[in-house]
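Everything below concerns the one structure shown next.
This structure is a prediction, so every number in the text was calculated from the model and none was measured.
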Amino acid sequence: MAKQYAIFDLDDTLLDFTRGEAESITKLLKQCGITDIQHGLETYTRVNLQVWQQIEQGAAREPLLEQRFTQAFNKLGVTVNGAALEQQYSQMLDHNYYTLQGAPQLLRQLQQAGVHLIVGTNGVKSTQLSRLAGAGLTPYFEQVVISEDVGYAKPDERFFTPIFSQHPALTKANTLMIGDRLQSDILGARHADLDNVWFNPHHRANQEGYQPTYEVDDFDGLKQLLLAE
C-alpha cells in the first residue's frame, strides 16, 4: 500500500553532508598548518562521531560541539580555539548546498504522488534551514523538525512529538521514516513505533542489535517502497 507520509533525515540521506564536511574540515586543517590532510580528516571524524553519540544519548549539545575541534586538533598536536573554529565551521556548513544525486527528482515525484513530506533531522536549526533553502528543497516539505528546536535528538522518541502533533492521521501503517544512520534514524523510528527505511548506498554492515523494517541502496528502491500499491 502506498504510504501517505515520509519523514526524511537530511544529512547523507538527501543532502550530501559528507562532501561539504570534508571540504570544510580540509580548509580548517590547512588553515591550522596540518599537512597530513587524510590523517586530520580521520582524526576529526572519530572525535565527531563520539560527540554525536553523546548528544544522541542526551548530553548537552553546545559544550560538546565547541570541544570537538579542541579535542581533534589536540590529537594532531595543535592547540586551537575550539569555539572559534566551531563558529567558522558552522558558517561553512550553512553554505553546503550539495544534494545526493537524484534527491530533488525523488521529492518532486513523491510530492506529485500526494505523499506528505516531512524533515526529521538532528542538527543546528540555522544550518539545516539554510542548507535546505540553498539546495532548493524547502518547497517540498510540509514540516521541518530539527532537534535543536525540539530539545531532543533522535533516537529519543520525544523528537517525534511535534510530527505526531501536526499530523494526527500519521500512523505506523501509512508512514516511513527514512535515514542513513541506524543509531539515530532507525532506532528513533523504532522508539516512536514507526516503520523505517535504512538508506544504505555504501552497503555498510549492520553491527547493531536490531534491524530496520526495510533497507535500500538507492532512490529507486526507496520510491518503490513509498509508492507501492
Side-chain angles (χ1 to χ4, degrees), residues 8-100 103 119-138 144-156 159 179-185 188 199 201-202 204:
F8 278 93
D9 174 54
L10 284 184
D11 293 328
D12 294 324
T13 301
L14 294 173
L15 299 178
D16 193 346
F17 178 80
T18 298
R19 179 179 173 186
E21 178 186 47
E23 288 184 2
S24 299
I25 298 300
T26 296
K27 288 179 183 177
L28 293 178
L29 290 167
K30 290 180 177 178
Q31 173 183 307
C32 295
I34 303 296
T35 53
D36 188 342
I37 299 301
Q38 188 58 38
H39 177 57
L41 285 170
E42 291 168 356
T43 301
Y44 169 81
T45 299
R46 282 196 300 273
V47 170
N48 188 53
L49 181 60
Q50 292 168 354
V51 162
W52 277 102
Q53 286 173 341
Q54 292 177 69
I55 292 172
E56 288 163 3
Q57 290 164 7
R61 159 197 303 275
E62 294 306 324
L64 285 168
L65 291 181
E66 290 190 358
Q67 291 167 18
R68 60 181 169 177
F69 285 102
T70 303
Q71 293 175 11
F73 279 87
N74 278 349
K75 291 178 183 295
L76 296 169
V78 178
T79 300
V80 298
N81 182 333
L85 282 187
E86 176 65 33
Q87 187 174 17
Q88 187 179 350
Y89 177 59
S90 294
Q91 291 169 349
M92 291 177 179
L93 283 190
D94 285 351
H95 301 93
N96 170 16
Y97 303 143
Y98 298 126
T99 60
L100 296 181
V119 167
T121 180
N122 288 349
V124 177
K125 181 179 181 180
S126 60
T127 296
Q128 299 300 63
L129 291 178
S130 172
R131 294 170 63 227
L132 260 181
L137 301 186
T138 305
V144 178
V145 176
I146 304 171
S147 59
E148 185 183 43
D149 233 5
V150 179
Y152 302 99
K154 296 172 289 181
D156 193 311
F159 171 87
D180 68 301
R181 291 202 65 221
L182 287 165
Q183 302 95 326
S184 56
D185 304 312
F199 182 64
H202 303 295
R204 295 189 176 96

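With values rounded to the nearest 0.5 angstrom, Leu76 atom CG is found 9.0 Å from Asn74 atom CG. To the nearest 0.5 angstrom, Met92 atom CE is 4.5 Å from Leu28 atom CG. To the nearest 0.5 angstrom, Leu29 atom CG is 5.0 Å from Ile37 atom CD1. Atom CZ of Phe73 sits about 9.5 Å away from atom OG1 of Thr43, to the nearest 0.5 Å. Note that CG of Leu65 and CH2 of Trp52 are 5.5 Å apart. Values are rounded to the nearest 0.5 Å.
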Under the side-chain contact (heavy atoms from CB on, under 4.5 Å) criterion, do Val144 and Leu132 qualify, and how do the steps go? CA-CA 10 Å; Val144 178; Leu132 260 181; 3.9 Å; yes
Passes side-chain contact (heavy atoms from CB on, under 4.5 Å), Leu10 versus Phe17? Steps please. CA-CA 8 Å; Leu10 284 184; Phe17 178 80; over 6 Å; no
Trace of the side-chain hydrogen bond (donor to acceptor under 3.5 Å, both in side chains) decision for Gln50 with Gln54: CA-CA 6 Å; Gln50 292 168 354; Gln54 292 177 69; 5.9 Å; no
Start with the C-alpha distance between Glu23 and Lys27, add both sets of side-chain angles, then the distance that settles salt bridge (Lys or Arg N to Asp or Glu O under 4.0 Å), and finish with yes or no. CA-CA 6 Å; Glu23 288 184 2; Lys27 288 179 183 177; 5.7 Å; no
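Counting only distance, with no hydrogens or angles, the side chain of Asn122 and the backbone of Lys154 share a donor-acceptor pair below 3.5 Å.
Judged by distance alone, the side chains of Gln128 and Glu148 never bring a donor and an acceptor atom under 3.5 Å apart.
Arg131 and Asp11 are joined by a salt bridge, as a carboxylate oxygen and a charged side-chain nitrogen come within less than 4.0 angstrom of each other.
Ring geometry for Tyr89 against Phe69 counts as perpendicular: the plane angle is over 60°, on a 0 to 90° scale with 30° as the lower cut.
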